[in-house]
*Asks:* 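Please read through the structure below; I'll follow up with questions.
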Amino acid sequence: MSPPPPTFDFDGQAIPFRPGQSVGAALLAAGIRSWRTTRVGGRPRGMFCGIGVCFDCLVIVDGQPNQRACLVPARAETDVRRQEGSGHGNLS
Amino acid sequence: MAISRDSSADARVDVLVLGAGPAGLAAATAAVHAGARVTVVDAGPTPGGQYWRHPPGSSPPGIGQHPTTRVYRMLAETVRARTRYLSGHDVWAVERDDDGFAAHTVHEGAEVTVHARRLVLATGAHDRSLPFPGWDLPGVYSAGGAQSLWKGHRVTIGPRVAVGGTGPFLLPVAADLAAHGARVVGVFEANHPRSWSRHLPAVTSSVGTFLRGAGHVATLSRHRVRPRVRHAVVAAHGDDHVEAVTVVRLTPEWTVVPGSSRVVECDAVAVGWGFTPRLELPLALGCTTRLGADGSLVVRVDDHQATDVTGVYAAGEVCGVGGAALAVVEGELAGLAAAGARAVPDRDRLARLLGRRAQLRRFAQAIHEVYPVRPGWLSWLRPDTLVCRCEEVTVATVTNAVHELGATDARSVKLLTRAGMGWCQGRMCGTGVAALAGAEAGTAATPHAFAERPVATPIPLGLLGRVEKPPLQPGPAPVPSHNRKDRPL
Ligand SMILES: Cc1cc2nc3c(=O)[nH]c(=O)nc-3n(C[C@H](O)[C@@H](O)[C@H](O)COP(=O)(O)OP(=O)(O)OC[C@H]3O[C@@H](n4cnc5c(N)ncnc54)[C@H](O)[C@@H]3O)c2cc1C
Ligand code: FES
């Protein structure tokens, strides 16, 4: 039997990933299509361009907001969180 | 933040290739074989660019079967073995320095500057997107985005997928999705490729490329998918993600045929309207551009792929969207010239490359003529449709800027509405805003308004100040003002 795939933490949920996958791709494979809300309309967003140019897929990675989920490689130690608005809580 | 000045003894190489896609890999290989010392820089984790995208630790799909994977293997092996290949290095600025050029890159949050005597710009393209009602819903992807998620990460965008837009690229996108477990509920091509007959000479001279298209159609028909022409996805529906799309039949000018609208259930949709060359670096260096056959701004080059800035060459989609085969030919020409091989021409080789380039450019031209973006798409918009995804600017806000506030072109619309001033700097909305502003104001669309960007990629704040000589004219902040407090990307 093959060992279980590695996982990273997404708001308390363990998300399995394949080596080389981005955080965004792993979330999508787990059936999660959005992880951000927009600043103005509070609308949900996920990935769109897949190659780092649209900035729709922004997410908080290890405490840093505004990371592009389609580019950040998934690693077992990564802590990934949903991003609301600008990603700074009430600070901005 | 750590700064590396790349001060190793022989840091200044002969040729620096920016981009490791088909064009960049071919340029680097040709330059190495011509005796130059070469550095290759790419933002991605693996060489190959968009066409040969593959997950780290694997090979491009179909290796051993597809004829071009042999080309990939040969090029990538040369680049790995005989050049300094820097993956994961995002170039945010290039500038002239005393003895050539400096490229400023960000690598894992740290700055790395690379120097070279001559440059080959091979940064490729991104999808050309057009706004439509619901295109901001999660589950809507650009066609290239869907393809890159499959090719690079082995993820299909959803269990039931619609594919729409225009151009031959829709076929491999749909075929890959169908072949890897997604149910393709439809492929909707807005143009009618009937007009191909006028372009037979261009087609027959590029039979290989054309047959690959036929192969995708065969794959689709095995999965019982028959692409529909003169059809389009004109709206996506759902509360928090795509649950269905509206599909319509189109007139030749792309307005909706009355009564043809139907709703098709699906979980995801991939939409593509061609590609837009990534011109930030060529424009920052002052390279002259021209309007390409598909209406995009492209870099002007000569027979050696030289731009009109001395020492700067360009190859691949930045010189006009024409596919991977053309990118490889242009890359080889650029690599030879940048290595100084111009003086010792292998005449036969040069003639063969130029002949092939002309042939493939004719084929690309034919494709652009058969699959243009026609003006009727503007009629699919509603006042509340988002045009700019980042700044959440609606169609109504843009029309208001023209009719109430006196905006006369895309540039003034941008200043009045903030459309195109968000995170993506107009990469996603530029085509749409320019077309909408032009149509409302009765002026020509101005692609230039969105092509120039102060930095090619977002950078940690404070980095700008560290470069002794500002590489670019003082311009807008590197990241949008509301994000000023953001920490490094
Ligand atoms: C998302 C996407 C997917 C595509 N998929 C296919 C496909 O499956 N099949 C197909 O036939 N065509 C595809 N294309 C079309 C594509 O343009 C090909 O024709 C071909 O890859 C073009 O080759 P190129 O070398 O000109 O550019 P690319 O292949 O785009 O290579 C450009 C390279 O430059 C790098 N780069 C760009 N800017 C920077 C920067 N500032 N710093 C560092 N590196 C940078 C990129 O990471 C990339 O690796 C796709 C296009 C896109 C946008
Ligand atoms: S999906 Fe576009 S930047 Fe990540």
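Throughout, protein chains are lettered first and strands after them, A, B, ... in sequence-line order, and every chain is numbered starting at 1. Only this structure's heavy atoms are used, side chains among them; waters, hydrogens and symmetry mates stay out.
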*Asks:* Taking A:L71, A:L28, A:V72 one by one, which has the highest count of heavy-atom pairs under 4.5 Å against chain B?
*Replies:*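 Maximum pair count with chain B is reached by A:L28.
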*Asks:* Using every non-hydrogen atom in the two residues, find where B:E392 and A:T38 come nearest and quote the distance to one decimal.
*Replies:* OE1-OG1, 2.8 Å
*Asks:* Which heavy atom in A:I51 sits nearest to a heavy atom in B:H126, and how many Å separate them?
*Replies:*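 In this case the closest contact between A:I51 and B:H126 is CD1-CB, 4.0 Å.
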*Asks:* With a 4.5 angstrom heavy-atom cut-off, is it the side chain or the backbone of B:T46 that approaches chain A, or both, or neither?
*Replies:*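 It is neither, since no heavy atom gets under 4.5 Å.
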*Asks:* Which value, rounded to the nearest 0.5 Å, describes the distance between B:M428 atom CE and A:F55 atom CZ?
*Replies:* 9.5 Å
*Asks:* Determine the minimum heavy-atom distance between A:A25 and B:H153, stating which atoms define it.
*Replies:* CB-CB, 3.4 Å
*Asks:* What residue, out of A:G50, A:C70, A:G52, has the most heavy-atom pairs lying under 4.5 Å from chain B?
*Replies:*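 With the most close heavy-atom pairs to chain B, the winner is A:G50.
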*Asks:* Classify the ring geometry between B:W135 and A:F48 as parallel (under 30°), tilted (30 to 60°) or perpendicular (over 60°).
*Replies:*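 The rings of B:W135 and A:F48 stand perpendicular, inter-plane angle above 60°.
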*Asks:* Answer yes or no: are there more than 12 heavy-atom neighbours, outside B:R183 itself, under 6.0 Å from its atom CZ?
*Replies:* no
*Asks:* Working to the nearest 0.5 angstrom, can you tell me the gap between A:S22 OG and B:L149 CG?
*Replies:*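 Separation between the atoms: 6.5 Å.
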*Asks:* Looking at every heavy atom in both A:C54 and B:C424, which two are closest together, and how far apart are they?
*Replies:* O-CB, 3.6 Å
*Asks:* Using non-hydrogen atoms only, which part of A:R18 is less than 4.5 Å away from chain B: side chain, backbone, both, or neither?
*Replies:*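 For A:R18, side-chain heavy atoms alone lie under 4.5 Å from chain B.
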*Asks:* In terms of heavy-atom pairs under 4.5 Å with chain A, which of B:R278, B:Q50, B:H241 leads?
*Replies:* B:H241
*Asks:* Looking only at heavy atoms, which two atoms of A:R43 and B:D239 are closest? And how far apart?
*Replies:*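 Result for this residue pair: NH2-O, 3.0 Å.
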*Asks:* Can you say whether B:R389 sits under 4.5 Å from chain A via the side chain, the backbone, both, or neither, judging by heavy atoms?
*Replies:*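 Both parts, backbone and side chain.
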*Asks:* B:T397: which residues meet the side chain to side chain donor-acceptor pair (under 3.5 Å) condition with it, sequence neighbours left out?
*Replies:*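 Partners of B:T397 by the side chain to side chain donor-acceptor pair (under 3.5 Å) criterion, ordered by chain and then number, come out as B:T394.
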*Asks:* Please report the closest heavy-atom contact between B:E391 and A:R39, naming both atoms and the distance.
*Replies:* OE2-NH2, 3.3 Å
*Asks:* Side chain from CB out, backbone as N, CA, C, O: work out which of these in B:Q147 comes under 4.5 Å of a heavy atom of chain A, or both, or neither.
*Replies:* neither
*Asks:* Report the distance from atom CG of A:N66 to atom CH2 of B:W423, rounding to the nearest 0.5 Å.
*Replies:* 4.0 Å
